[in-house]
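The first residue of the sequence shown is numbered 1, and numbering continues consecutively from there.
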Amino acid sequence: MKKINPVQLKQLVEAALFVADAPLSRQQLKETVLAEFTVSDTALNKVLKELILDYQPRGIQLVEVASGYRFQSLDSLSPWLSRLWQETAPRYSRAMLETLALIAYRQPITRGEIEQVRGVAVSSNIMKTLSERGWIKTVGHKEVPGRPALYATTREFLDYFSLSSLDQLPSAEAFSSMMDDVEREVTAAMQEDAPSDNDRATTNEHE
């Protein structure tokens, strides 16, 4: 095994995290880019902590999520950075966010239990969308008649919301407030997309 000095170690870890297309855990770092070097857990942890501090005042930060470490931009910069991409951000309905919240806070939970709390049926499209995004998965079946599936959140869910564990979930009140904000944004966006009276009048004239 080769030795690597602290400066080179820091450079290599920084570069690996920068070019990786997914978060990297300590174990993944040691099994890939650091595989041929003698690096203790203490040395690796020290380098990661230093990098986190180095990037704190910058527009890009190093954060730890459920799957490992990754670089990401500051949330406060997203309104301007989003202009770099043509496609619009996905819009999530209140029903979907409520369903996701119940799964996150009460997991494992069945679809029937979600419907009981919400008081309405859960659309199959909602469960399909959450599954396709990789945010929820089936973790078993409840031992009752019919053996309904039990749902829980995934590492991808934690990664997407920049969480390293479920312990970092906001309070139920904070999540409810976030849902209200999302609902207002969706409503505003729908109003912007809808044709104005002048647009309708112009269309009618042409017809």
Side-chain angles (χ1 to χ4, degrees), residues 16-17 19-33 41 48 61-73 75 78 82 85-187 189-190:
L17 294 172
V19 302
D21 56 5
L24 293 176
S25 66
R26 296 178 182 84
Q27 190 63 30
Q28 287 174 312
L29 285 167
K30 295 187 75 171
E31 292 177 351
T32 54
V33 296
D41 291 338
L48 288 167
Q61 294 190 320
L62 179 61
V63 299
E64 182 179 10
V65 294
S67 299
Y69 292 84
R70 73 179 179 200
F71 283 110
Q72 64 183 44
S73 62
D75 289 341
S78 60
S82 63
W85 293 274
Q86 295 291 332
E87 67 273 11
T88 56
R91 297 170 183 169
Y92 304 113
S93 67
R94 186 180 184 88
M96 182 178 292
L97 290 173
E98 286 179 349
T99 299
L100 180 60
L102 284 169
I103 295 173
Y105 285 94
R106 303 193 181 191
Q107 58 186 299
I109 188 172
T110 67
R111 183 169 171 175
E113 290 169 338
I114 296 171
E115 293 175 339
Q116 186 175 15
V117 175
R118 294 192 63 235
V120 294
V122 176
S123 166
S124 296
N125 287 334
I126 286 178
M127 302 303 290
K128 180 180 178 182
T129 299
L130 292 175
S131 295
E132 288 178 344
R133 286 202 65 92
W135 288 354
I136 65 170
K137 63 180 179 181
T138 301
V139 293
H141 294 82
K142 192 167 185 177
E143 295 303 325
V144 296
R147 300 187 74 246
L150 287 164
Y151 294 96
T153 54
T154 63
R155 281 185 176 272
E156 288 80 0
F157 162 79
L158 292 172
D159 290 346
Y160 184 86
F161 290 99
S162 297
L163 304 172
S164 59
S165 71
L166 290 171
D167 293 336
Q168 293 183 330
L169 280 171
S171 66
E173 293 77 10
F175 198 92
S176 177
S177 176
M178 183 185 78
M179 288 193 294
D180 290 337
D181 292 340
V182 170
E183 187 175 31
R184 283 193 291 270
E185 290 175 4
V186 170
T187 300
M190 291 175 64

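Under the rule for a side chain to side chain donor-acceptor pair (under 3.5 Å), the partners of Arg111 that lie at least two apart in sequence or sit in another chain are Ser124. Partners of Thr110 under the side chain to side chain contact (heavy atoms under 4.5 Å, CB included) rule, at least two apart in sequence or in another chain, are Glu113, Lys142, Pro148, Leu150. Partners of Ser164 by side chain to side chain donor-acceptor pair (under 3.5 Å), not counting sequence neighbours, listed by chain and number: Gln168. Partners of Ser162 under the side chain to side chain donor-acceptor pair (under 3.5 Å) rule, at least two apart in sequence or in another chain, are Arg70, Gln72. Looking at residues two or more places apart in sequence or on another chain, you find no salt bridge (charged side-chain N to carboxylate O under 4.0 Å, His left out) involving Asp21. Applying the side chain to side chain contact (heavy atoms under 4.5 Å, CB included) rule to Val19 yields no partners; only residues at least two apart in sequence or on another chain are considered. Every residue meeting the side chain to side chain contact (heavy atoms under 4.5 Å, CB included) condition with Gln27, not counting sequence neighbours, appears here in chain and number order: Ser25, Glu31. Every residue was checked against the salt bridge (charged side-chain N to carboxylate O under 4.0 Å, His left out) condition with Arg106, not counting sequence neighbours, and none meets it. With sequence neighbours excluded, the residues forming a ring-ring contact (aromatic ring centres under 6.0 Å, His included) with Phe71 are Tyr55, listed by chain and number. Qualifying salt bridge (charged side-chain N to carboxylate O under 4.0 Å, His left out) partners for Arg26, counting only residues two or more places apart in sequence or in other chains: Glu64. In this view, Ser73 and Ile60, Leu81 satisfy the side chain to side chain contact (heavy atoms under 4.5 Å, CB included) rule, not counting sequence neighbours.
Listed here is the closest heavy atom pair of Thr138 and Ala149: CG2-CB, 3.8 Å. A pairwise comparison of heavy atoms in Ile126 and Ala95 identifies CD1-CB, 3.8 Å as the closest pair. Residues Asp75 and Ser78 approach most closely at O-OG, 2.8 Å, considering heavy atoms. The heavy-atom pair separating Ala104 from Leu169 by the smallest distance is O-CD1, 3.9 Å. The minimum heavy-atom distance between Val139 and Pro108, with the atom names listed, is CG2-CB, 4.0 Å. Smallest separation of non-hydrogen atoms from Ser67 and Gln28: O-OE1, 4.1 Å.
The environment of Gln116 atom CD is sparse: at most 12 non-hydrogen atoms of other residues, nucleotides or ligands sit within 6.0 angstrom. The 12-atom threshold is not exceeded at NZ of Lys137, counting heavy atoms of other residues, nucleotides or ligands nearer than 6.0 Å.
Between Phe157 and Leu100 there is a side-chain heavy-atom pair separated by less than 4.5 Å. Contact annotation: the side chain of Leu158 never approaches that of Val65 to less than 4.5 Å [non-hydrogen atoms, C-beta and beyond].
Applying the ring pair (Phe, Tyr, Trp, His ring centres under 6.0 Å) definition to pairs two or more places apart or across chains, those involving residues 131-150 are Tyr92-Trp135, Trp135-Tyr160, Trp135-Phe161.
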